Every structure is written in structure tokens, then in C-alpha cells.
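Notes follow once the structure below has been shown.
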Amino acid sequence: MEFKPGVDFAKKLDKEDPLSSYKKRFYIPEMESLNMDGKTKSVKPIIYMDGNSLGLASKDVEEEIKAEFERWKNLSTRRSGIDKKAAEYQAKLVGAEPDEVIVTGGASINLHALVSTFYKPKGKRTKIIGDELNFSSDLYALAGEVRLKGRDPEKDLIVVKSRDGRTIAEEDIIAAMSDEVSVCHLPSVYFVSGQLLDIKRLTKAAHDKGVIIGYDCCHSVGVIPHKFHEWGVDYALWCNYKYMNGSTGAIAGLYVHRSHFKETPGLPTWWGNSPGNRFDFKAEWTPTGNAASWHLGSNLSIGFGVSPVYASSKMIVDAGLDKIREKSLKATDYMMFLIDELLSKKPYNYSVGNPREAEKRGGHVACEHVEARRICEALTARGVLPDFRPPTTIRLSPIPLYTTYQEIWEVIQHLKAVIDNKEYMKFDANKKESY
Ligand SMILES: *Cc1c(COP(=O)(O)O)cnc(C)c1O
């Protein structure tokens, strides 16, 4: 698509946006912030560019949390079936069969629950593949799981290195898949650079080598369609508070391919045992014959953290994940166009740090600048909320259901103004990160 740099073009894109009616279902907080002139202040709605860390609150989720409170009051939570409905919607979002997905636990706990199930060092196959750019929790968990099996991460954890410090070459992951590898664990989208891996290709490569493969999809579920079942992905996990907008207490998601339904989970609990056997008091496990075996107790599988996941998943399924991905790609394309066009030359010196190809990028733009941290503070003073990832990345995430093209255009004007007015220089260059 041919973009134009003026605000009129942004307004035209908003008029043509088939998802524009969703914005009014979200709460956009107001904040006293600097105006475009950099001098006067006013109270105005923020421009939220951090929905890939914590999605905004919606009225749909609010209603469902209230409804759950009613269900608690009249003790109908367990018979409401809302947990199963939530999982069915989530299964649609990841391309799984309905009984291959459950809502339980948290992303990091589910990571342990799944890797502890599938990592079974035996004979020569004793290793796990991870990589150096995945989210920190993943590497901690992989090393922990290796130690729990009485082994040494120095020997049994293969960490695939990045060639450029930003992305991981798929060939390097495939090259690491030897007959000494038990499990390969990867992200779908890298949280800093936004690189999207080719899940279909990597899954096939792993299976050709007899390797189990799983994915942490915290940065893709809700914004990128997947086909886990069709691709034969062995397991996956994701959180529901980022692109899913499922609330601060949202319970996470987990997928297990049906070919593994007879496995005993690594972290078995009473609620995961098949319903007729929950009080058997026996050490051996009775598989439920579906992904429900992986439930992490009852209280992280039903109730307040699960019902908002139902509401937010329903909203995304109803809006259409294909339409969401289409808008996400168009919005990030437009943002990259404006960065190239208006901000890439002196004195601005911004650049695009994510892969450019549609099939290789996720839902955010990694905007690079040597002064990224101070620029993020200057943007926040202007009511634009980005996300800083050290050392030089300003993460900007247009969320298809609530970000307008005009807001993207305005973000670019703010990025320009903080350099024009030297506003970022007011902030301490040596401040330590608190996150
Ligand atoms: C956000 C994120 C997590 C977060 O894990 P929690 O257990 O929810 O804190 C894990 N993995 C990835 C890739 C993430 O982006």
C-alpha cells in the first residue's frame, strides 16, 4: 500500500478501518501532559503504545468480572462452564482443537508444567534447545528444569546465539537439532525485536529429527493467527494480559497436541486428574484424555482470573483474528513508513529495528535510537506511553482494536518534537532501569 505523510491520510485510513467501532469498548485513561508545542499542558487521553505489555481494560472484561462476582455470591461458578467456554475461544485463536487448550496457571508456571512433562532425558537425548533472545523467564525455567532432572545446564542447555544481537537465524536453530536433543523451546515472537519465527517450518524440522518442540506465544496470541494443531506443534503457552487485554489477574493459556494426551503431566494436581479420580489418593495418574490433565489446581483454573479471559477472547474472535492481523500489519507498516520518511535523517536519527517482511514480524515496531531511554521519558511527559527495552529500543505497539492511525501519526510528531525541542535532555542520562 502507498502511504502519504500528512495527517489527512491518517484520517482517511481511520475512516476505512473495519475495526474502528471497538475503541469505544476500551477505557483510555486521561493524564495531564504536555501539548504538541512542548510548553503548555492539558488533561487529555493518553496515546497508549504499550498494549503488548499490558492491554487496556475493556467494558466487556469489566462486565464479566462483575458477572463472576455474582456467580461467587450465588455459588454457581463451577457449574457456569465459563472456564470451558474461555478455553474454546482460546483454541480458535491458536488454531487448536477445543480439547487441546485449557486456561490455567501463568505463563512462567505453564512453561515449567510443559517442559517438565516433555523433557525426559534418556540415553543420548539429554539436551534442551533455548536461545539467547527469548524472554528471561524462559531461559531461567529451561535451566531450572535441567537441574530438576539432576543434570547440568552447562552441558544440557544449548543456547542458540544471535548473529546480529536482534534476531535468531532459523537455520541456526535447525542446525542445533541433533539426536542429542530432547526438547526445543522457542518464542513465537521475540519480545524486543518483534521477529516472528516460522513455526510451521521449525516444527517440521524438529520432528524430522525426533525432537519435541514447544513455543512461548505471549507476544503473538491475540494478534497473530496460529495453526498449532495442523502444524503439529507439541505444546505452547501464553499469557492473557498483553495483546489479549484479559486483565491484570488474567489466567494464562496452555496447549498440548492430542497425540500427547496420555502423558503424565510434569506437575500433576488433583484438578488435572480425570474428574472421577480426583480423590483416588493414588500415586499413579489417570489421564483425562485431553489437555485438562495439565490443570494447575482448581483455583488457577476457574473464577476471577478465567472469566475475563472468556470475555476478552470472545471479543477478539468476534472481531476476527484475520482482520486484527491485517490491521496490525497495516498499522505497523504505516508507522515504519513515517519513521523512514520523517525521522530517519539528521538530526532525528531514528531507525526501524524489527524485521520488515510481514511474515517475519509481530505486532510491534522496534524503533531504535541511542537516546531511547530518555526519549521514552520525554514521550511519557507528553502523554504518549511507549515501552523502553535497553539499550536502544523504543517499543511501539499499535493495538488493532483501540489504536487509530491518527494516533500513530501523532506519535511520530511527538518523536520528532522531543528531538526538535531537545526535551529528552531534561532527563537523567544515567538513571538505572527499574524494570
Ligand atoms: C510477558 C512474557 C512472559 C511473562 O510471564 P509471566 O509468568 O506472566 O510473568 C513470559 N514469556 C514471554 C515471552 C513474555 O513476553
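In listed order, ligands and their atoms are each counted from 1. As a basis for the values below, the full set of heavy atoms in this structure was taken, side chains included, without hydrogen atoms, waters or symmetry mates. Quick caveat: nothing in here was measured; it's all calculated off a predicted structure.
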Quiz prompt | Per-atom contacts of ligand 1 with Cys218, taking only distances under 4.0 Å to non-hydrogen atoms | solution = 2 (C), 3 (C), 10 (C), 11 (N), 12 (C), 13 (C), 14 (C), 15 (O)

Quiz item: So, Tyr255 side chain and Ala291 main chain: donor-acceptor pair closer than 3.5 Å or not?
Solution: no

Practice problem: Looking only at protein heavy atoms, identify the closest one to atom 11 (N) of ligand 1 and say how far it is in Å. | Solution: Asp216 OD2, 2.7 Å

Self-check item: Any Val352 side-chain heavy atom under 4.5 Å of Glu368 side chain
Solution: no

Quiz prompt | Location of contacts on Asp138 toward ligand 1, heavy atoms closer than 4.0 Å | solution = side chain

Self-check item: atom 10 (C) of ligand 1 - nearest protein heavy atom and its distance
Solution: Phe135 CD2, 3.4 Å

Quiz item: Sub-3.5 Å donor-acceptor pair from the side chain of Asp60 to the main-chain atoms of Met315, do we have one?
Solution: no

Self-check item: Parallel, tilted or perpendicular: ring planes of Phe135 versus Phe191, cut at 30 and 60 degrees
Solution: perpendicular

Quiz item: Identify the closest protein heavy atom to atom 9 (O) of ligand 1: which residue and atom is it, and at what distance?
Solution: Tyr241 OH, 3.6 Å

Practice problem: Name the closest protein heavy atom to atom 14 (C) of ligand 1, giving the residue it belongs to and the distance to 0.1 Å. | Solution: Lys242 NZ, 2.8 Å

Exercise. Heavy-atom distances under 4.0 Å are what count here, so tell me which part of Ser137 touches ligand 1: side chain, backbone, both or neither.
Key: neither

Exercise. Taking the six-membered ring for Trp and the single ring otherwise, decide whether the centroids of His260 and Phe118 are under 6.0 Å apart.
Key: yes

Quiz item: What are the atoms of ligand 1, with element, lying closer than 4.0 Å to any heavy atom of His219?
Solution: 15 (O)

Self-check item: Closest protein heavy atom to atom 7 (O) of ligand 1, given as residue, atom name and distance to 0.1 Å
Solution: Ser108 OG, 2.6 Å

Exercise. Taking the side chain as every heavy atom from C-beta outward, state whether Ser182 and Lys127 have any pair of such atoms under 4.5 Å apart.
Key: no

Exercise. State, yes or no, whether a side-chain contact exists between Val183 and Ile213 at a heavy-atom distance under 4.5 Å.
Key: no

